[in-house]
Asker: 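One structure, as structure tokens, below. Some questions next.
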Amino acid sequence: MKPLQDALTRALHASMPENFTSPEVDTVLQALRPLVHDIRELIGGKCEVVLHDFRDPSASVIEIAGNLTDRGIGAPVNEINSWLISHGQDVQQKSDTFIRTPRGRTFKNSTTLFRCKDGRAFGAFCVNIDVTDMLEVARAIADMAGVKDSMPEQAGLNDDISYVIQTVLTTEEAKSGKALNFATRDDRIEIFRALEEHGVFQLKRAVPRIAEHFGISRATVYSYLKTLSERARD
């Protein structure tokens, strides 16, 4: 899906709107509506293509083809896309990531953000493909071929919270000019400070999801947050 994403980005760059209120925003989004159905028809039944208009987060889905996520036209923006909207130029494109759903299905996802010249994202073109069955077949073939170790059970699977965390850390590293790692307590406190400042803890079930991402307990997450709160009062 990377070539498609690159093509969409190049097409938008040629007529990038000045801001959210520019008439070009409507022109770009209207031009993309037919493409939603064309891509879904091309890929097939286990695909969902969604076009978002972030100018109205309460009803951001303006075109959709396929049904993997039980959404329809007029559905609100989800928590991750809401976070994307608020972070403007800090957010990079998502290409060919894997997301495991609460129902245990695995989606391959590609999201192209459309921005105004001021850096704000006014829309997104998202393609989700259910690859659960394909992965099972691939694992079975790898097992029969005796190369099971080359396909670990969780290979390449990421939750969107991981993408958000990595985006925040990359942004902070670019600003500070130093790498952040989880080796020392000071660095860990700095990481949690960045996550808190960027509003990551406001996402649904943030604490258990962040704890799982870093391989620590919820109690440890709360202890870092407590330390941040105490330092803020000093």
Side-chain angles (χ1 to χ4, degrees), residues 5 9 19-20 52 54-58 60 69 76-102 106-107 109-124 126 152 154-234:
Q5 185 180 64
T9 302
N19 52 53
F20 259 36
H52 289 276
F54 289 156
R55 293 174 298 176
D56 183 5
S58 66
S60 72
T69 57
V77 66
N78 63 32
E79 59 171 349
I80 300 299
N81 278 330
S82 179
W83 189 90
L84 293 178
I85 297 170
S86 67
H87 283 73
Q89 293 176 320
D90 289 344
V91 178
Q92 301 301 311
Q93 301 280 14
K94 294 178 65 178
S95 175
D96 295 343
T97 60
F98 290 85
I99 301 170
R100 191 181 298 280
T101 73
T106 300
F107 294 166
N109 168 270
S110 182
T111 297
T112 300
L113 294 175
F114 299 133
R115 304 179 190 277
C116 303
K117 289 183 179 179
D118 61 8
R120 297 175 66 195
F122 65 82
C126 307
Q154 299 296 328
L157 300 181
N158 296 298
D159 189 278
D160 268 347
I161 195 74
S162 298
Y163 171 71
V164 169
I165 291 171
Q166 191 55 52
T167 297
V168 170
L169 298 188
T170 300
T171 301
E172 289 299 308
E173 288 175 345
K175 289 178 180 177
S176 66
K178 70 170 187 175
L180 292 174
N181 59 64
F182 217 63
T184 69
R185 179 174 175 78
D186 285 344
D187 273 351
R188 291 193 290 270
I189 293 295
E190 184 64 16
I191 287 171
F192 278 80
R193 178 201 61 75
L195 295 178
E196 185 174 50
E197 287 186 355
H198 283 266
V200 179
F201 284 100
Q202 296 175 18
L203 297 177
K204 188 184 301 179
R205 297 186 63 252
V207 169
R209 294 163 74 187
I210 290 172
E212 181 179 2
H213 174 85
F214 287 113
I216 58 179
S217 68
R218 299 184 192 185
T220 301
V221 174
Y222 284 118
S223 73
Y224 289 141
L225 292 176
K226 181 180 178 182
T227 298
L228 288 173
S229 179
E230 290 172 349
R231 289 185 179 183
R233 289 197 299 266
D234 291 342

Asker: What I want to check is whether the side chains of Asp56 and Ser58 have a donor and an acceptor closer together than 3.5 Å.
Answerer: yes
Asker: Thr227 and Arg185: side-chain donor and acceptor closer than 3.5 Å?
Answerer: yes
Asker: Side-chain contact test, heavy atoms from C-beta onward, threshold under 4.5 Å: evaluate it for Ile189 versus Ile191 and give yes or no.
Answerer: no
Asker: How would you list, by chain and number, every residue that makes a salt bridge (Lys or Arg N to Asp or Glu O under 4.0 Å) with Arg188, sequence neighbours excluded?
Answerer: none
Asker: For Glu196, check side-chain hydrogen bond (donor to acceptor under 3.5 Å, both in side chains) against everything at least two apart and list the hits.
Answerer: none
Asker: Checking Ser223 against Thr220: is there a side-chain donor and acceptor pair closer than 3.5 Å?
Answerer: no
Asker: Would you say the side chain of Phe192 lies within less than 4.5 Å of the side chain of Ile210, judging by non-hydrogen atoms?
Answerer: yes
Asker: Looking only at non-hydrogen atoms, find the nearest pair between Phe114 and Ala124 and report the distance.
Answerer: CD1-N, 4.2 Å
Asker: With the threshold set at 4.0 Å, does a side-chain nitrogen-carboxylate oxygen contact exist between Arg193 and Glu190?
Answerer: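 Looking at Arg193 and Glu190, the cut-off is met.
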Asker: Do Phe214 and Val221 have side-chain heavy atoms sitting under 4.5 Å apart?
Answerer: no
Asker: Between Ser60 and Pro76, which heavy-atom pair has the shortest distance, and what is it?
Answerer: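 Residues Ser60 and Pro76, closest heavy atoms: OG-C, 3.7 Å.
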Asker: Looking only at heavy atoms, what is the nearest atom pair of Arg218 and Ala211, with distance?
Answerer: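 Nearest pair, atom of Arg218 first, then Ala211: N-CB, 4.1 Å.
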Asker: Can you sort out the partners of Tyr222 under ring-ring contact (aromatic ring centres under 6.0 Å, His included), two or more places apart, ordered by chain and number?
Answerer: none
Asker: Hey, could you give me the CZ/OG1 distance between Phe107 and Thr69, rounded to the nearest 0.5 Å?
Answerer: 7.0 Å
